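Everything quoted here is computed from the prediction, not taken from an experiment.
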Amino acid sequence: DLTFTGPNQAHTFVLDGLKNDEVKWSSENEKVVKVDENGYVISVGPGKTKIICQYGDQKVEIPVVCRW
């Protein structure tokens, strides 16, 4: 789980052994957090959502909470 306590806070996910062009990052709700193609996440607004990391047919969902 990832929790932000204010707007414009950031976190970067690093995946050992994978190249950025092999992984697709996305946010379920970009009004809460945005994520770029390198796994850089920034808080936007209060709420709950998930960051989705897709590699081939494998998918990981990371819960995110922004509370302020």
Answer yes or no: is there a side-chain heavy-atom contact under 4.5 Å between Thr5 and Trp68? no
Here the pair of heavy atoms bringing Trp25 nearest to Asp36 is CB-O, 3.5 Å
Does Ser43 use its side chain to pair, donor to acceptor, with the backbone of Asn8 at less than 3.5 Å? yes
Taking the side chain from Gln54 and the backbone from Gly56, do they hold a donor-acceptor pair closer than 3.5 Å? yes
Side chain to side chain contact (heavy atoms under 4.5 Å, CB included) against Thr3, all qualifying residues, sequence neighbours excluded: Val65, Arg67
Less than 4.5 Å apart, side chain to side chain, heavy atoms only: is that true for Glu30 and Val44? no
Test: salt bridge (charged side-chain N to carboxylate O under 4.0 Å, His left out). Region: residues 48-57. Which pairs qualify, not counting sequence neighbours? Lys50-Glu61
Any Val41 side-chain heavy atom under 4.5 Å of Val64 side chain: no
Would you say Tyr40 and Val35 are hydrophobically clustered, going by side-chain heavy atoms of ILVMFWY under 4.5 Å? no
Do you reckon Ile51 sits in the same ILVMFWY cluster as Leu2, going by side-chain contacts under 4.5 Å, direct or chained? yes
Taking the side chain as C-beta and beyond, is there a heavy-atom pair between Ile62 and Phe13 under 4.5 Å? yes
Only counting residues at least two apart or in another chain, list the ones meeting side chain to side chain contact (heavy atoms under 4.5 Å, CB included) with Val32. Asn29, Thr49, Cys66
Separation of His11 NE2 from Ile42 CD1 (nearest 0.5 Å): 13.0 Å
Working for side chain to side chain contact (heavy atoms under 4.5 Å, CB included), residues Leu15 and Val23: CA-CA 9 Å; Leu15 301 175; Val23 178; 3.9 Å; yes
